[in-house]
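Data block below; observations after.
Per chain, numbering begins at 1; letters A, B, ... match sequence-line order. Just so we're clear, the structure is a prediction, and the values are computed from it rather than from any experiment.
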Amino acid sequence: MSKVRFSSKRLLLTLMLCACSVILLQNYDISEKSSFVFDILCMLFGLAICFVLFIPSVIIKMRTNLDFLTVARTVTPKLKIPLAVLYSLYFVYAAEFFLLPYTDMFSKKYYSDVTPCLIALILLSACVYAALKGVNVITRFGIFLFVFALITNLLMFGGSIGTLDFELYGFEVTGSVNDFIKNTVYFIIPAFIVTLFACLSGKTKNFKLRQPLFALIVTGLKYGLIMFFIWFSLGDYASKQEYQTFILARAARIGFFGGIESLYLALATMSVFMIISLVLCAVTKSAGKESDIKYVIIFAVILFAAHMCGSYLNSVKEIFTNNYIFAVFTVITAAVIPMMYVFAGRKSSARKTLHSINMS
Amino acid sequence: MRARLCIVLICLSAVMLSGCQSSRKIETAQIIENVTISERNGQTLYTFYILSSADTPLKTEIPAGSFEQACELAQNQYIPNISLSKLELLMIEEHLIDRVLKTDIEYISTQPSFSPSAFVALCDSKTIDKFSESTREQDLIEEQLILLKKNNPDVSINYLSVFNHFESEKTNEFRVGTLSFDGELKISGKKVIKS
């Protein structure tokens, strides 16, 4: 693999788009009983937690200019295999967490004749190719996707302004403790980008603390806008159907120009494609064979097999798409384990080892 | 070499496994543009207007108890290749408002194939007769509805708004666009009292 370093801004831009895609696949994840303002407060709290989760990997990056996995392998060579297993499991789970809802939405909302497994197969084939090209190339695609997302969102929001209704739905703050927990856990999900950052940031340069902060602020803005339009433009109609952001795109209309849901679907497809491609890069890196064709294909086959199980067995699907499991798993892999290495890195022996890697 | 192999495999899978074998071709699909709900001999009549380039509308009349039932009958007996995703206008004869408006809008709101921004209007029997004579009436009605909404923001002109007003606990009544024909097409807002 190439040792050329690319701009950290580009990686964070790509990760921001991945974080934004969480709300594109939103399906009754936000409590229906709570009010809009309450949901926004939960979102701010959830994203603040995401920022806190960023801290350990940011410290490692700033201290060593390496990614967490390289540091972990160097500082604790004996823990190489348990770490590889844990992170591989996490990334397989993360890929399924996005792949299952996406294929489900595609077949339910757009094209019911095609089976979800077929969509997964085609998407995974494309992701394998992208993963072989490496993170640098995927982040270049991220620039294109950013522009596309901007246009799609402008059309979605612009087309929904006409149906805004402030008379029926207000700005009061109502919600219970259970709503708060449910919503906050959902808004911690974008923290999966922290784990991706921890594993993939080794080849980036010019990292600044403001980059993840900016990524999370833009993510929050997009979440806020989507929730605002779902709440005030769709209202109760949104609660009658699955995948509310799709309904928002479907209802958006600029004059006689409709069909914005096609752009939304393209955006969701490309976002999921980018997440799975990055996950494949990260999973092969965690296994110690970055972008190796054999490992990429093996993990793609595992993902497909897991998707098959998830599609046909509802209990498996429920486990793979459980927000609570994913949030806990994310907190462990994004913050708890890297934090241990932040403290371990303060020891003089570890510092010397890392210094020698940096020098080489 | 590996990259080329991957590209070939992706292209092959995209072509061979596209899932289009059981798809409905656009030439054979019967795309419903409008539906009118009227009454004949005491029975509710759902008229499905099929998209066509002819000057006279191509329509199928289906007597049914509800829109859900009419859609099922259309699919199974009358219009086998029916496609409702492009439905743009639902016109209900004014006196059937209590019988069908709430139930039909509720049904539509749960179906992913319908666009929530499609128009809904009440009308008199003369407008329905006029509507069945010429395909040009639809554009005219849609323009009138948009104009009405512009001048009276409180009037509901699509499924989304009508459904939300029915669901909301804040209001007991709301207004829906109403068309009447007396030599020329007229439009106004009619109050709907929630039962």
Atom pair [atom1]/[atom2] of [X] and [Y] - distance to nearest 0.5 Å:
{"X": "A/I247", "Y": "B/S115", "atom1": "CD1", "atom2": "OG", "value": "9.5 Å"}
{"X": "A/R253", "Y": "B/I146", "atom1": "CZ", "atom2": "CD1", "value": "7.5 Å"}
{"X": "A/Y237", "Y": "B/I108", "atom1": "OH", "atom2": "CD1", "value": "7.5 Å"}

Can you establish whether the number of heavy atoms outside [X] located under 6.0 Å from its atom [atom1] is more than 12?
{"X": "B/D182", "atom1": "CG", "answer": "no"}
{"X": "A/K108", "atom1": "NZ", "answer": "yes"}
{"X": "A/Y169", "atom1": "OH", "answer": "yes"}
{"X": "B/N172", "atom1": "CG", "answer": "no"}
{"X": "B/K194", "atom1": "NZ", "answer": "yes"}
{"X": "A/E172", "atom1": "CD", "answer": "yes"}
{"X": "A/K317", "atom1": "NZ", "answer": "yes"}

Which bit of [X] comes within less than 4.5 Å of chain B, counting heavy atoms only: side chain, backbone, both or neither?
{"X": "A/E261", "value": "neither"}
{"X": "A/Y243", "value": "neither"}
{"X": "A/R250", "value": "both"}
{"X": "A/I119", "value": "neither"}

Quiz prompt | Side-chain donor/acceptor of A/D236 to backbone N/O of B/F163, under 3.5 Å | solution =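 Here the side-chain-to-backbone pair does not exist.
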
Quiz item: Which residues, numbered in order, of residues 262-278 of chain A come under 4.5 angstrom of chain B by heavy-atom distance?
Solution: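 None at all.
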
In terms of heavy-atom proximity below 4.5 Å to chain A, should [X] be classed as side chain, backbone, both, or neither?
{"X": "B/S113", "value": "backbone"}
{"X": "B/F114", "value": "backbone"}
{"X": "B/S168", "value": "both"}
{"X": "B/N158", "value": "side chain"}

For the residue pair [X] and [Y], what are the closest heavy atoms and their distance?
{"X": "B/K170", "Y": "A/E167", "result": "CD-O, 3.6 Å"}
{"X": "A/A251", "Y": "B/S117", "result": "O-CB, 3.5 Å"}
{"X": "B/Q111", "Y": "A/Q241", "result": "O-NE2, 3.2 Å"}

Quiz item: Any side-chain heavy atom of A/L168 sitting closer than 4.5 Å to one from B/E167?
Solution: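 No, side chains not in contact.
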
